[in-house]
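In what follows, every chain begins at residue 1, and chains take the letters A, B, ... in the order their sequences are listed.
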Number of protein chains: 2
Amino acid sequence: MKLQQLRYLAAVAQNGMNITAAAEKLHTSQPAVSKQLKLLEDELGFNIFVRSGRTLTKITPAGQQVIDRAIRVLREVQNIKGISAELKGENSGVLSIGTTHTQARYVLPPVIQQFRTQYPDVRLQLHQGTSEQIAEMVSLDRIDLTIATGSSDLFPGLVLLPCYHWHRQIVVPRGHALANIKKPTLKQLGMYPIITYVFSFTGSSSLPQIFAKADVTPNVALTAQDADVIKTYVRLGMGVGILASMALDPKEDDDLVLIDADHLFPSHTTWIGFTRGGLLRRYMYDFIQVLAPHLNKRLIDRAAQAENQEAFDALFADIQLPSR
Amino acid sequence: MKLQQLRYLAAVAQNGMNITAAAEKLHTSQPAVSKQLKLLEDELGFNIFVRSGRTLTKITPAGQQVIDRAIRVLREVQNIKGISAELKGENSGVLSIGTTHTQARYVLPPVIQQFRTQYPDVRLQLHQGTSEQIAEMVSLDRIDLTIATGSSDLFPGLVLLPCYHWHRQIVVPRGHALANIKKPTLKQLGMYPIITYVFSFTGSSSLPQIFAKADVTPNVALTAQDADVIKTYVRLGMGVGILASMALDPKEDDDLVLIDADHLFPSHTTWIGFTRGGLLRRYMYDFIQVLAPHLNKRLIDRAAQAENQEAFDALFADIQLPSR
DNA sequence: TACAGTTACGGACCGCGTAAGCATA
DNA sequence: TATGCTTACGCGGTCCGTAACTGTA
């Protein structure tokens, strides 16, 4: 078994089982990949891919296991090279971030702007998706940092560090009946059509559940994936928007009336995560700290090495997270 | 970077930085190892080992990082080969177990006897040591299963499954003043010289702490690493023995008087652990179940995949662990 | 016919083993 | 002088790229 074979295997798996495409990405010839893949399968004694005719169509169960472990091997090899680059003081490399729309659209732009002046030679890769898509990217591709909210169960292999709190805000057009009410109740909210996010998570903090507890049946007029769409329809007068606080900017959205809703809905925490045991380059530490100033290298290292949940929680006990 | 280079590196690290010894274990020539090691260092751009003259004397900090990750890579590669062996239905392989004296001497013999009839072709490697030594073996060498008690913080990368409870017993020679007392108190115990284990862990359940709570200052006459030594000195009349329940056998030790001490000292749990994400061969599952019948494959798999502590604990909530 | 993977073959490269060289105790 | 690492060199294997071949849509 050679590292090259595992590289080829991973590339084929990551390119829709297309050997030709994989070969191109690897800057090598197609027969080279084909042959090494076959050699690997021969050595293992079973097929990693199911072939119908000559095209690869499916991954065998054992094959999936092999692919998963091959990717881990390659990750670790990358990390070894990273140690080398780090020691040479290289401020170049790749920083690949997986995140959700809200972070990518409203939170990260200034962070990335500052980061880029600090590390102009780091190639940034931003991968946007739902939590589920990001979780898959984490296990399949190579994502260095993950920034998201809630649903930590989706990311078992990651160390998750809390970045900041946020709450929901109610948004109405000027002149709306709710515009002058400082602290609307759920009942009052329920009187108007509601425009909010697609309910991706169904925990006790989800909107329907909270309305249900107050015996209010919300009239959800429209659900969207992202805040811009929601704001657009609020502007059209289609209803009352409920969205994340950091998606709103008093200046940018001065045609709308913003009403805090932290008395109605629990606050959430956005975290940043990285693979346990993964290598953090200097620039990754710095990126994290630009996003969340309280997360300095020392704290990150301690959190990554915390041996249990209690030790981990103790690290953050004294820290007041910012609100956004 | 080649897998071979990482193999050579690991072998050198595991053989006291002796290239010649490593080469022998690898069944290759000494210059081959020397050259590949050098090539690897060249590629990385820094020294993994500190050379004084021509002999390797120390590991550089970055070198240690590289070694750790190289070992992970090799582990994963072994796992891939294991997938292959498993699929071929091979009942052969290596099962390397790290454990403490008490387990190795009193608990494992019947387990291993039964296991060997089931899997005659599995090469068993038993590594005995203190918890600390085992922890080091887990990270350096290749230990498949770890069996120990307490101090779970020493093993952050392992999944630990509870096997059985045990408690402490008091042992005195026939005719000793305590021999007829069913439930001695700590005060009574404190009146005699005590012979027990070296206090390796200093938690709230450690013997000195428990005595201290009762305002008793025990007179510890002798501490030993293993139960046999303790029993020997109890037989010589040097004092009262306090040791683990499974280290005593009413038949074998019928010249001694055994007194339960679970009313004085909290009970402990012995667990079996394996690296998170590691490959478990069929025979490993079976070994675990021979040791702890409640740990069937299904339960082990679920525990290994549990995403958080709560989910993990829930799996064992309904299970009554045996006492030994 | 176009497309995707396999087979065939020559050349470059690489890693190994043997043998000799060179530091340190 | 013994031990242990490094350098030198020739051989054999391996991997790659080009080119020709073979199944599918």
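Between the CZ atom of A/Arg51 and the P atom of C/dC3 there is a distance of 22 Å, given to the nearest Å. Atom C1' of nucleotide C/dG5 and atom CD of A/Glu41 are separated by 12 Å, given to the nearest angstrom. Between B/Leu3 atom CG and D/dC15 atom P the separation is 12 Å, expressed in whole Å. In this structure, the CZ atom of B/Arg54 is 5 Å from the C1' atom of C/dA23, given to the nearest Å. Rounded to whole Å, atom P of D/dC15 lies 13 Å from atom CE of A/Met1.
One finds a salt bridge joining B/Asp301 and B/Lys297 here, because a Lys/Arg side-chain nitrogen approaches an Asp/Glu carboxylate oxygen to under 4.0 Å. Ion pairing between A/Asp68 and A/Arg72 fails under the 4.0 Å rule for side-chain N and carboxylate O. Between B/Asp42 and B/Lys38 there is no salt bridge, since no side-chain N of the basic residue sits under 4.0 Å from a carboxylate O of the acidic one. With respect to B/Arg51 and B/Glu41, a salt bridge is recorded, a charged nitrogen being found less than 4.0 Å from a carboxylate O.
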Distances under 3.5 Å between protein N/O atoms and the N/O atoms of nucleotides 9-19 of chain C, please, pair by pair.
unit_1, atom_1, unit_2, atom_2, d
C/dG15, OP1, B/Lys2, NZ, 3.2
C/dC16, OP1, B/Gln4, NE2, 3.3
C/dC16, OP1, B/Tyr8, OH, 2.6
C/dC16, OP2, B/Gln36, NE2, 3.3
C/dG17, OP2, B/Thr28, OG1, 2.4
C/dG17, OP2, B/Ser29, N, 2.8
C/dG17, OP2, B/Ser29, OG, 3.0

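Contact check of residues 14-26 of chain B against DNA chain D (heavy atom, cut-off under 4.0 Å) returns B/Met17, B/Asn18, B/Ile19, B/Thr20.
Contact detail for B/Ala62 and B/Phe46: the closest heavy-atom pair is CB-CE1, 3.6 Å. The minimum heavy-atom distance linking B/Ile59 with B/Gln64 is given by the pair CG2-N, 3.4 Å.
Remark: aromatic rings of B/Tyr283 and B/Phe287 are distant, center separation not under 6.0 Å.
If you run side-chain contact (heavy atoms from CB on, under 4.5 Å) between B/Thr146 and each of B/Thr275, B/Leu158, B/Leu154, B/Leu160, only B/Leu158 comes through.
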